[in-house]
Amino acid sequence: MRVLVTGGAGFIGSHIVTALRRHGHDPVVLDALLPAAHPAPPPRLAGTGSVRGDVRDADTVRAALHGVDAVCHQAAMVGLGRDFGDAPQYVGVNDLGTAVLLAGMAEAGVRGLVMAGSMVVYGEGRYECPRHGVVRPGPRPAADLAAGRFEPRCPSCGAELAPGLVGEEAPADPRNVYAATKLAQEHLAAAWARAVEGRAVSLRYHNVYGPGMPRDTPYAGVASFFRSALARGEAPRVFEDGGQRRDFVHVRDVAEANVVALEALDARPAGAFTPYNTGSGDPHTIGEMAAALAAAHGGPEPVVTGEFRLGDVRHITADSRRLREELGWRPRTDFAAGMTEFAASPLRPS
């Protein structure tokens, strides 16, 4: 299968290219190689065709789609960014880029899509109140965060809530610009699939980490922040009280999930759009992750700061049973082994 991988020179995309080749497929990379993500041009990927260009450019997309059987769409602007002033760039890269790509696929007759979704579309995770059952707490008030009250409370009675796993059927509740653009990408993909009788899958990634993560930037993930601090000889700075629960999933496992989803596209009904949570199934707190990474690196130990960011959610962990049961995917890198490897792995310059 000849697969166009947008963003294929990036962190996750490059691992997907490697996995595709390992499974006997023919990846083609489309990447703009923007300086923010690639301050130095990456070496040409061995055995891989490549097109340097922007996914927002229709002519570039048209050329890249020539002879392609399916598309793996990874090109995106990620992370919370600096402030709301980043909103036009997020919308331009993520949503306009996806729209141009899908229009090109419709024209070229390419009917298979696997895209990089995100758990951020859910907002806060799943919570249960002892009195009211499953509830959806609203955004945490700034006054509570400033006072160190980090746990969401029941919106009806104010009781403490028990966090649980989020399934794909949970309603979307994006809490920041990045999350809103990721949800819009899914809506565009679903509309495209219906319009052209295509087959689309969104892999809703949880906290992806591993070799080749970009260094500390406003657009990197928390694992990259901590790893960058350790490389500088500094203690990782853990926000809130470190009790935020996340699902840290290794990038090689995410790459394998993309290959599995691509290989299963033809078995899906025409016109279908399906989201799959893509997590390790082994949640840990951010404090635990920082401690494991620092220990594997040899210190210094993390510092819990009590700082917070509005727009962050408290707990968000996945129920990835659908991906396991329907496509047979299994993560292979456990938390301890993954953090030990990541502590010694080089980061991508930024």
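Predicted, not measured: the structure shown is a model, and the values here were computed from it.
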**OP:** Verify side chain to side chain donor-acceptor pair (under 3.5 Å) between Glu186 and Ser202, making sure each step is shown before the conclusion.
**Re:** CA-CA 7 Å; Glu186 290 195 348; Ser202 177; 2.7 Å; yes
Subject >> Sequence neighbours excluded, every pair satisfying ring pair (Phe, Tyr, Trp, His ring centres under 6.0 Å) that has a member inside residues 50-79 >> reply: none
**OP:** Mind jotting down which residue pairs meet the ring pair (Phe, Tyr, Trp, His ring centres under 6.0 Å) criterion with at least one end in residues 231-260? Sequence neighbours excluded, please.
**Re:**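 Sorted result for residues 231-260: Tyr209-His250.
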Original post:
Do you know which of Leu188, Leu96, Val61, Val110 makes side-chain contact (heavy atoms from CB on, under 4.5 Å) with Leu101?
Top reply: Val61
**OP:** For a side-chain contact (heavy atoms from CB on, under 4.5 Å) with Met105, tell me which candidate from Leu4, Leu65, Val100 qualifies.
**Re:** Leu65
Subject >> side chain to side chain contact (heavy atoms under 4.5 Å, CB included) against Val196, all qualifying residues, sequence neighbours excluded >> reply: Ala106, Arg111, Trp192
**OP:** List in chain and number order the residues that pass side chain to side chain contact (heavy atoms under 4.5 Å, CB included) with Ala344, two or more places apart in sequence or in another chain; answer none if no residue qualifies.
**Re:**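 For Ala344 there are no side chain to side chain contact (heavy atoms under 4.5 Å, CB included) partners, ignoring immediate neighbours.
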**OP:** Check whether Val51 and Leu113 end up in the same hydrophobic cluster, where Ile, Leu, Val, Met, Phe, Trp and Tyr are linked by side-chain heavy atoms less than 4.5 Å apart.
**Re:** yes
Original post:
Partners of Arg194 by side chain to side chain donor-acceptor pair (under 3.5 Å), sequence neighbours excluded?
Top reply: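 Not a single residue meets the side chain to side chain donor-acceptor pair (under 3.5 Å) criterion with Arg194.
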Original post:
side chain to side chain donor-acceptor pair (under 3.5 Å) with Arg199: which residues, sequence neighbours excluded?
Top reply: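 Testing Arg199 for side chain to side chain donor-acceptor pair (under 3.5 Å), a comparison that skips the adjacent residues, returns none.
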How about [X] and [Y]: does a side-chain donor come under 3.5 Å of a side-chain acceptor?
X      : Y      : result
Gln244 : Asp312 : no
Ser280 : Asp247 : yes
Tyr205 : Asn258 : yes

Which residue pairs pass the side chain to side chain donor-acceptor pair (under 3.5 Å) test with at least one member in [range], sequence neighbours excluded?
range            : value
residues 285-303 : His284-Glu288
residues 165-174 : Asp173-Arg175
residues 118-134 : Tyr122-Arg204, Tyr122-Asn277, Glu124-Tyr127, Arg126-Glu128

**OP:** Please collect all salt bridge (Lys or Arg N to Asp or Glu O under 4.0 Å) contacts where either partner lies in residues 99-110, sequence neighbours excluded, each pair once.
**Re:**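 Qualifying pairs: Arg62-Glu107.
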Let me have the donor-acceptor pairs involving side chains of residues 264-271, under 3.5 Å, with sequence neighbours excluded, atom names and distances please.
{"from": "Arg268", "atom 1": "NE", "to": "Thr274", "atom 2": "OG1", "distance (Å)": "3.4"}
{"from": "Arg268", "atom 1": "NH1", "to": "Tyr276", "atom 2": "OH", "distance (Å)": "2.9"}
{"from": "Arg268", "atom 1": "NH2", "to": "Thr274", "atom 2": "OG1", "distance (Å)": "2.7"}
{"from": "Arg268", "atom 1": "NH2", "to": "Tyr276", "atom 2": "OH", "distance (Å)": "3.4"}

Original post:
In terms of ring plane angle, is the pair His15 and Phe11 parallel, tilted or perpendicular, where the classes change at 30° and 60°?
Top reply: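 Ring orientation, 0 to 90° scale: perpendicular.
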Original post:
Is the number of heavy atoms from other residues, nucleotides or ligands within 6.0 Å of CZ (Arg321) greater than 12?
Top reply: no
Could you pull out every donor-acceptor pair under 3.5 Å between side chains of residues 156-163 and any protein atom, sequence neighbours left out?
none

Original post:
Considering all heavy atoms of both residues, which atom of Ala294 and which atom of Pro300 are nearest to each other, and what is their separation?
Top reply: CB-O, 3.4 Å
